[in-house]
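All remarks here apply to the structure that follows.
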Amino acid sequence: MSTKLFVPRDSSALSVGAEAVANAIALEAARRGEAVTIVRNGSRGMMWLEPLVEVETGDGRVGYGPVAPADVPGLFNAGFLSGGAHRLAIGQVEQHPYLAQQDRLCFARMGITDPLSLDDYRAHGGLKGLQRALSASGADAVAMVTASGLRGRGGAAFPTGIKWKTVLDTAADQKYIVCNADEGDSGTFSDRMTMEGDPFVLIEGMAIAGVVTGATRGFIYNRSEYPHAERALIAAIASAYAAGILGANVLGSGKRFDLEVRRGAGAYICGEETSLLESLEGKRGTVRFKPPVPAVSGLFGKPTVVNNVITFSSITIIFERGADFYRDYGMGRSRGTLPIQLAGNIKRGGLVEKAFGVTLRELLYDYGGGSATGRPIRAVQVGGPLGAYVPASQFDTPLDYEAFATMGAMVGHGGIVVFDDTVDMAHMARYAMEFCAIESCGKCTPCRIGSTRGVETIDKIIAGRERGAQTKLLEDLCETMLHGSLCALGGMTPFPVLSALKHFPEDFGLDRAGIAAAA
Amino acid sequence: MNAGHIEYALYRILAYCNQPSANEFTATARHPAQTIGGRNMSPHQSDLVDRAIADNIALDGAALPILHAIQDRIGHVPAAAVPKIAHALNLSRAEVHGVISFYHHFRTEPRGRHLLQVCRAEACQAMGGERLAKQVTDQLGIEFHHTTPDGAVTLEAVYCLGNCACAPAMLLDGEPHGRLDAATVEALLAEARA
Ligand SMILES: Cc1cc2nc3c(=O)[nH]c(=O)nc-3n(C[C@H](O)[C@H](O)[C@H](O)COP(=O)(O)O)c2cc1C
Ligand code: SF4
Ligand code: FES
């Protein structure tokens, strides 16, 4: 009998040699005359263990990682095909504490199934949500989204039910569903993992959005930096068409939903929804004035649902398991779960899907195991390049949209970038301004010009030229950007800058009194 | 479901598979006569542009798909392609130029045989990414957004590759590389220059 093995096809796994490991296993098995079937699964999200090889045994799936091609003969010698002991063995994968304590809803299938197998998808609960959506009225289905408490996972945390209700209630000859898969925030990869590792959960979520709101066409705007995700989506969409999940007769309902993938072109601002729509229309990705909101006048001027990849995945789960089931996770007004991404200088980086309410400290130390370098963690940036730097004194804050807003930070798309005590926070503040200057769409002056002035001002502070006056100037500049920018790129770049200044003045050559004197 | 959709979907996949691999335009780049970066295009390039337009013109919002198809097949968007694109989309040349120049991804000069995209965003910085970026510019002897004089490598900066838990990260010819250090970067550069 052939032994079933799993070697991830996820980009992160590939980046550390998964392809070579899969080849080495196939070769060694052939040489030894062992029958093996190698499934290319998604990643479990335990990135420090990649490439993580799993073997299906009588006692469940047993893991070995991180495996290098040179380890392969040794693994065969150790009898890993029947779960044999080896220094890289991690035991039963599902029992690993990193996984066992998560609340995997959106990521329930991740790493378990073959991402491109519809049979696997169905066998693991897939398509039940779409069936349910097809049997409900639009109004009832939207009420279910509202009842779930789901808020957009792309960053702004806007209630999804309200957005969908607007699109449902706006009459039009054509409506669109657009998936924001631009995932530009540094430190985030949950969208990418989903597209590569469980693309059908996204496709199903978008199809649900289509049948519920009466939109017959959908687009996935995937960033150009994700070529593997693009390939996975194209293949999955083709299978979904062939199986009648997409097309003129969605699951035999007589309803139509067409879906295609579009590629971005390396502009961070195209993650902003109106800029994304401009880009999809074939234009420069400049930000539109609101109103009208996209739900009323979006793509090609038609009512459009724009949601993040994880928002759509959550929709699939909500329709599969029910609004109450989903809403029972979480705290306060942050309902459900969030796929959190631990990144940067962290020992056990990866994906942790947890109900809202988990604290930064639990994430950084219980899951993450502290910094990768073994040095103290000095700061983390949560929510991408526009997110505040959070010092160790605030690590007990629970992950909750409101709790983060209260301390001037944001949860955003759930990325946490970890820095040890060698980080120079003045340099990070400078980088925030520089990034804004590189990525500004150019529509408003505070963002376009202010960011460049910001870089110059921070340079002067670092160089020690009129430190007090320049700090005051930087604060004024941030104030102008905060209030005078059309979108959050210009409007929130001050958050990383001011938080760095506030919590780490010594890195700018200032003492706390120096800041006070300048203010 | 109807046959049309399957056909359409298959067509999209085939269109993807038919994209030349890096090696194909490697071959073009080795023969400078065929890679004309300025005002003119070789007949072969002109033909590729026409096909890229024809393959995508029926799409709504066809501009980006057309530009991608051209860059995928030729390696860059030649200036001489702009009038053709403008004509096909019923736009002015200035508008097409405006679109091309807005996006960091599109380039109007020929690229080297290999494309190295180095992540310079925060998570990679937290793991020493900037030291590696310096190593890359030092060893290649060029700045970002430039091509080595021997035409081997074009160096681009990117801001996050979604590989932030295996930082620092880069893409070489679209393939991801992570957990990089001085030695692995050295090997990567050797591969690119070979
Ligand atoms: C500068 C900027 C960049 C953004 N980037 C992204 C992104 O990469 N992905 C995303 O889903 N949302 C991004 N957003 C948020 C979107 O504008 C929008 O809120 C989101 O697509 C709505 O979907 P959701 O409600 O499901 O989150 C960005 C916003 C701004 C201002
Ligand atoms: S804040 Fe910056 S990115 Fe946003 S609209 Fe203004 S110029 Fe464009
Ligand atoms: S920050 Fe470099 S891969 Fe995300």
Side-chain angles (χ1 to χ4, degrees), chain A residues 11-12 14-16 47-48 50 183-189 191-192 224-228 231 234-235 237-238 241-242 244 246-249 258 260 262-263 265-268 279-285 300 341-346 349-350 372 381 385 415 417-419 423 428 431 435 439, chain B residues 1-2 4-6 8-10 12-13 15-17 59-68 71 89 91 95 98-106 117 119-128 130 156-167 169-171 174-180:
Chain A
S11 297
S12 274
L14 294 176
S15 83
V16 289
M47 296 305 184
W48 78 98
E50 294 292 358
E183 196 163 60
D185 290 358
S186 161
T188 67
F189 43 86
D191 295 350
R192 180 188 61 66
S224 56
E225 293 85 345
Y226 285 179
H228 286 276
R231 262 166 274 187
I234 289 172
I237 288 174
Y241 267 105
L246 294 172
N249 190 10
D258 289 309
E260 59 183 288
R262 288 296 173 89
R263 195 192 303 166
Y268 177 74
S279 183
L280 267 180
E281 291 181 10
K283 302 174 189 153
R284 294 164 67 89
F300 302 112
Q341 301 119 94
L342 296 178
N345 197 334
I346 184 99
Q381 187 180 32
V417 178
V418 181
F419 296 85
V423 65
M428 297 318 296
Y431 171 79
F435 182 75
E439 299 295 340
Chain B
M1 172 182 65
N2 68 29
H5 285 118
I6 300 176
Y8 170 72
L10 286 177
R12 298 291 303 178
I13 297 168
Y16 197 86
C17 299
L59 299 174
D60 289 325
L64 264 66
I66 287 174
L67 292 170
H68 276 301
Q71 185 158 305
L89 293 169
L91 294 172
E95 281 170 308
V99 173
I100 295 171
S101 62
F102 182 85
Y103 296 96
H104 301 300
H105 178 83
F106 297 125
Q117 296 169 287
C119 177
R120 307 196 69 182
E122 290 92 335
C124 286
Q125 290 185 35
M127 288 300 280
E130 285 305 279
E156 296 288 356
V158 284
Y159 296 90
C160 193
L161 296 166
N163 195 12
C164 336
C166 295
M170 302 181 188
L171 289 182
E175 283 310 311
H177 296 270
R179 270 183 223 145
L180 291 165

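Naming convention: chains lettered A, B, ... in sequence-line order (proteins, then strands); numbering from 1 in each chain.
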Hey, which of [options] has the most heavy atom pairs under 4.5 Å with chain A?
options	result
B/Arg120, B/Gln125, B/His68, B/His105	B/His68
B/Cys119, B/Gly98, B/Ala169, B/Gly174	B/Gly98
B/Glu95, B/Glu156, B/Met127, B/Arg179	B/Arg179

>> Test of understanding: with ring-ring contact (aromatic ring centres under 6.0 Å, His included), list the residues that count as partners of B/Tyr159, not counting sequence neighbours.
In response: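 Partners of B/Tyr159 under the ring-ring contact (aromatic ring centres under 6.0 Å, His included) test: A/Phe435.
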> Sequence neighbours excluded, which residues qualify as ring-ring contact (aromatic ring centres under 6.0 Å, His included) partners of B/His104?
Replying inline: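 For B/His104 there are no ring-ring contact (aromatic ring centres under 6.0 Å, His included) partners, ignoring immediate neighbours.
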Is it the side chain or the backbone of [X] that comes within 4.5 Å of chain B heavy atoms, both, or neither?
X	result
A/Leu280	backbone
A/Ser224	side chain
A/Phe300	side chain
A/Gln341	neither
A/Ala267	both
A/Asp191	neither

>> Less than 4.5 Å to any heavy atom of chain A: does that hold for the side chain of B/Leu171, its backbone, both, or neither?
In response: side chain
>> Just so I understand: if I count every heavy-atom pair under 4.5 Å between each of A/Ala372, A/Ala343, A/Gly184, A/Gly344 and chain B, which residue has the most?
In response: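 The candidate making the most pairs under 4.5 Å is A/Gly344.
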>> Given 3.5 Å as the limit, does a donor-acceptor pair link the side chain of A/Arg262 with the main chain of B/Leu64, or not?
In response: no
>> Between A/Ser186 (side chain only) and B/Cys160 (backbone N and O only), is there a donor and an acceptor less than 3.5 Å apart?
In response: no
> Any side-chain heavy-atom pair from A/Arg284 and B/Ser101 closer than 4.5 angstrom?
Replying inline: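 A side-chain contact under 4.5 Å exists here.
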> Should A/Ser279 and B/Phe102 be marked as a side-chain contact (heavy atoms from CB on, under 4.5 Å) after you check the CA-CA gap, both sets of side-chain angles, and the distance that decides it?
Replying inline: CA-CA 10 Å; A/Ser279 183; B/Phe102 182 85; over 6 Å; no
>> I need the B/Cys164 SG to A/Ile346 CD1 distance, nearest 0.5 Å.
In response: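 B/Cys164 SG to A/Ile346 CD1: 13.0 Å, rounded to 0.5 Å.
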